[in-house]
Amino acid sequence: MASFRSTLALVNSAKLSLSTRTMASHPLAGLLGKLNHVAIATPDLKKSSEFYKGLGAKVSEAVPQPEHGVYTVFVELPNSKIELLHPFGEKSPIQAFLNKNKDGGMHHICIEVRDIHEAVSAVKTKGIRTLGEKPKIGAHGKEVMFLHPKDCGGVLIELEQE
Ligand SMILES: C[C@@H](C(=O)O)C(=O)SCCNC(=O)CCNC(=O)[C@H](O)C(C)(C)COP(=O)(O)OP(=O)(O)OC[C@H]1O[C@@H](n2cnc3c(N)ncnc32)[C@H](O)[C@@H]1OP(=O)(O)O
Ligand SMILES: [Co+2]
């Protein structure tokens, strides 16, 4: 029995080291970092803010982001953030989404990267379209770049310099 157990342990550790090595050998290993936020578009920023406050969360004030055509509110979670989005100005990139989703809904995820310029080049080599030519400064004062949802399994992805 003891030898069966130790054989099993050996097999499991071999599997683990194999999978670690397989991951480490991928050319883009380590490209994706922490989940910075999940964004939710809302037709009523006050109501959405109150919803999360009512659940005991720490919720920021609304901040206009004219460069992005949105107002942002951040809800702090122990391991990440929720970004509430509401249109700012005439040509908001979230307006069409809200027209289709009247109650609002999940809009994008934001993943941190070690080097935004390297990350943008890397995703382009994979044929993933970026939305815009150059990164913009995002809500946290760091460079961000959006990737087309049609090239990312139907999910709008924001990359943010960590
Ligand atoms: C402040 C900053 C920060 O955190 O630092 C932010 O987050 S700013 C957050 C706001 N900024 C952004 O979102 C910037 C990047 N977004 C954009 O450029 C745009 O929103 C697009 C993603 C290109 C969508 O543009 P628009 O709504 O005008 O186009 P559209 O309605 O023709 O949509 C084209 C197709 O993409 C789909 N589509 C649209 N928005 C989507 C979304 N959020 N998630 C998944 N799919 C989406 C539509 O359903 C449609 O598919 P079908 O053809 O199959 O129906
Ligand atoms: Co965002």
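Every number for a ligand or one of its atoms is a count from 1 in the order of the listing.
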About how many Å separate [atom2] of [Y] and [atom1] of [X], when rounded to the nearest 0.5 Å?
| X | Y | atom1 | atom2 | result |
| --- | --- | --- | --- | --- |
| Ile157 | Ile109 | CD1 | CD1 | 4.5 Å |
| Thr42 | Leu84 | OG1 | CG | 7.0 Å |
| Leu31 | Glu112 | CG | CD | 12.5 Å |

Should the proximity of Glu83 to ligand 1, defined as any heavy atom under 4.0 Å, be assigned to the side chain, the backbone, both, or neither?
side chain
Under 4.0 Å from ligand 1, counting heavy atoms only, is it the side chain of Gln95, its backbone, both or neither?
neither
Does ligand 1 come near enough to His108 that some N or O of the ligand is less than 3.5 Å from an N or O of the residue?
yes
Return yes or no for this condition: an N or O of His68 is under 3.5 Å from an N or O of ligand 1.
no
Under 3.5 Å: donor-acceptor pair, side chain of [X], backbone of [Y]:
| X | Y | value |
| --- | --- | --- |
| Gln161 | Ile116 | yes |
| Ser48 | Leu45 | no |
| His68 | Val70 | no |
| Asn101 | Asp103 | no |
| Ser60 | Val73 | no |

Does Glu67 have more than 12 heavy atoms from other residues, nucleotides or ligands lying within 6.0 Å of its CD?
no
Should we count NZ of Lys53 as having more than 12 external heavy atoms under 6.0 Å?
yes
Can you check whether a protein heavy atom sits less than 4.0 angstrom from [atom]?
| atom | value |
| --- | --- |
| atom 34 (C) of ligand 1 | no |
| atom 25 (O) of ligand 1 | no |
| atom 46 (N) of ligand 1 | yes |

What residue and heavy atom of the protein are closest to [atom], and at what distance?
| atom | value |
| --- | --- |
| atom 42 (C) of ligand 1 | His107 O, 3.7 Å |
| atom 20 (O) of ligand 1 | Pro93 O, 3.0 Å |
| atom 49 (O) of ligand 1 | Lys100 NZ, 3.2 Å |
| atom 52 (P) of ligand 1 | Lys150 NZ, 3.5 Å |
| atom 40 (N) of ligand 1 | Phe97 CD1, 4.0 Å |
| atom 5 (O) of ligand 1 | Ala139 N, 2.8 Å |
| atom 39 (C) of ligand 1 | Pro149 CG, 4.7 Å |
| atom 27 (O) of ligand 1 | Ala96 CB, 3.3 Å |

Could you list the atoms of ligand 1 found under 4.0 angstrom from a heavy atom of [X]?
| X | answer |
| --- | --- |
| Gly138 | 5 (O) |
| Glu158 | 2 (C), 3 (C), 4 (O), 5 (O), 7 (O) |
| Gly154 | 45 (C), 46 (N) |

Check: Glu83/Thr72 side-chain N/O donor and acceptor closer than 3.5 Å:
no
Salt bridge or not between Glu50 and Lys47? Use side-chain N to carboxylate O under 4.0 Å.
no
Minimum non-hydrogen distance to atom 17 (C) of ligand 1, winning option of Ile157, Leu98, Asn36, Leu131
Leu131
Could you check which of Phe74, Phe146, Tyr71 puts a non-hydrogen atom nearest to atom 8 (S) of ligand 1?
Phe146
Using 30° and 60° as the class boundaries, would you call the ring planes of His37 and Phe74 parallel, tilted or perpendicular?
perpendicular
Please state whether the rings of Phe97 and His107 are parallel, tilted or perpendicular, taking 30° and 60° as the class boundaries.
perpendicular
Any N/O/S atom, side chain or main chain, of His37 closer to the Co ion (ligand 2) than 2.8 Å?
yes
N/O/S of Glu83 less than 2.8 Å from the Co ion (ligand 2)?
yes
Please confirm whether His37 comes under 4.0 Å of ligand 1, counting heavy atoms of the residue only.
yes
Within rounding of 10°, what is the angle whose vertex is the Co ion (ligand 2) and whose arms end at NE2 of His108 and OE1 of Glu158?
90°
